[in-house]
Each structure stands twice: as C-alpha cells, then as structure tokens.
Engineer: 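Have a look at this one.
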Amino acid sequence: MEDQKVYNIWNALIHELLLACLDIWPRFKLNPWVGKALEWTRPDWVLWRVEQTMLDVSKQAEEIVKQWEKEEPPKYEYIEHEPDGSKAQDLLGGAMEIKSTWRRD
C-alpha cells in the first residue's frame with residue numbers, strides 16, 4: 001500500500017508562508033483575513049510539519065546507526081560467582097556481574 005498524503009500540500013505551504021510573513025510584519029496578526037487563512041490552513045500544516053519532523057528523525061537515526069556500525073562494539077566481562085549455600089542460590093545459582101573492559105581516560 002502506498003503512503004497517501006492526507007493533507008493538502010498547498011495549504012501547508014501557505015500556512016508556512018503566512019507564518020514567515022508574520023515574523024517579518026507582526027501587524028498582520030490583526031488582519032481578519034490572515035487570521036482566517038491561518039485557521040483554515042493549520043490542520044494541513046500540522047500534518048505536513050509532523051511528517052517533515054518524522055523524516056528528519058529517521059535520517060538522524062540512520063546516521064547514528066551508521067556511526068555505531070563504524071565503531072568497535074564494547075566488550076564486556078561476564079562474572080559468575082559461586083552460590084553461597086542458601087536455598088535460593090542453590091536453586092538459581094550464584095550472583096552474576098557484567099563489567100565493561102574499557103575505561104574512561
């Protein structure tokens with residue numbers, strides 16, 4: 001199934017343009033036509049903005065995964081202690097630890 005856009009891209013772009021204009025000319029906030037246009041285009045703009053943000057997050061996640069793949073994976077030391085003789089440890093085994101083998105300099 002294809003990804004279908006559930007918003008009108010033109011409404012989203014008009015809303016973005018109006019927001020940019022309001023940053024430059026704040027007095028237009030008082031204009032009733034601008035207010036109605038913002039009100040009308042806001043739902044489409046919100047959906048578009050969410051989509052753009054999610055795409056950006058996906059790109060960032062891919063970059064982080066690529067960076068992790070380049071790095072050497074951390075090595076851990078697994079330590080299992082002998083049971084101390086209690087009933088619980090006889091059933092489950094002794095205490096276990098995981099320690100990293102690297103140190104911060």
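All figures in this text were calculated on a predicted structure; none of them were measured in a lab.
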Engineer: Please tell me whether Tyr76 and Ile79 are part of a single hydrophobic cluster in this structure, the criterion being side-chain heavy atoms less than 4.5 Å apart.
Structural biologist: no
Engineer: Atom CG of Asn31 and atom SG of Cys21: how far apart are they, to the nearest 0.5 Å?
Structural biologist: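 If I round to the nearest 0.5 Å, the distance is 11.5 Å.
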Engineer: Does the side chain of Asp56 pick up a donor-acceptor pair with the side chain of Gln52 at under 3.5 Å?
Structural biologist: no
Engineer: Would Asn11 and Trp45 count as a side-chain contact (heavy atoms from CB on, under 4.5 Å) if you check the C-alpha gap in whole Å, the side-chain angles of each, and the deciding distance to 0.1 Å?
Structural biologist: CA-CA 7 Å; Asn11 283 348; Trp45 176 78; over 6 Å; no
Engineer: With a sphere of 6.0 Å drawn around CD of Glu80, does it hold more than 12 non-hydrogen atoms of other residues, nucleotides or ligands?
Structural biologist: yes
Engineer: Please answer: with hydrophobic residues joined when any side-chain heavy atoms are less than 4.5 Å apart, are Leu30 and Trp33 in the same cluster?
Structural biologist: no
Engineer: Does Val65 share a hydrophobic cluster with Val57, counting links as ILVMFWY side-chain heavy atoms below 4.5 Å and allowing steps through other members?
Structural biologist: no
Engineer: Taking all non-hydrogen atoms of both residues, which atom of Pro26 and which atom of Ile24 are closest, and how far apart?
Structural biologist: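 Shortest heavy-atom separation between Pro26 and Ile24 comes out as CD-O, 3.4 Å.
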Engineer: Does a side-chain heavy-atom distance below 4.5 Å link Tyr78 with Lys99?
Structural biologist: no
Engineer: Within a strict 4.5 Å, meaning less than it, do heavy atoms of the Leu38 and His15 side chains meet?
Structural biologist: yes
Engineer: Check whether more than 12 heavy atoms from other residues, nucleotides or ligands sit under 6.0 Å from atom CD1 of Ile98, and answer yes or no.
Structural biologist: no
Engineer: Give a yes or no on whether Leu18 and Leu13 share a hydrophobic cluster (residues Ile, Leu, Val, Met, Phe, Trp, Tyr; joining criterion: side-chain heavy atoms under 4.5 Å apart).
Structural biologist: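 Yes; Leu13 is reachable from Leu18 via cluster members.
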Engineer: Is it possible for you to say whether Leu55 and Tyr7 belong to one hydrophobic cluster, with membership spreading through side-chain heavy-atom contacts below 4.5 Å?
Structural biologist: no
Engineer: Is there a side-chain contact between Asn8 and Trp48, using heavy atoms and a 4.5 Å cut-off?
Structural biologist: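 A side-chain contact is absent here, since even the closest heavy-atom pair is not under 4.5 Å.
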Engineer: How many angstroms lie between atom CZ of Arg27 and atom NZ of Lys29, to the nearest 0.5 angstrom?
Structural biologist: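 Rounded to the nearest 0.5 Å, the CZ-NZ separation comes out at 13.0 Å.
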Engineer: Mind listing the closest non-hydrogen atom pair of Val34 and Phe28 along with its distance?
Structural biologist: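 Closest heavy-atom pair between Val34 and Phe28: CB-O, 3.6 Å.
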Engineer: Out of curiosity, Arg49 CZ to Asp44 CG, how far, rounded to the nearest 0.5 Å?
Structural biologist: 15.0 Å
Engineer: Can you tell me how far the CG atom of Leu19 sits from the CD1 atom of Ile14, to the nearest 0.5 Å?
Structural biologist: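 Rounded to the nearest 0.5 Å, the CG-CD1 separation comes to 12.0 Å.
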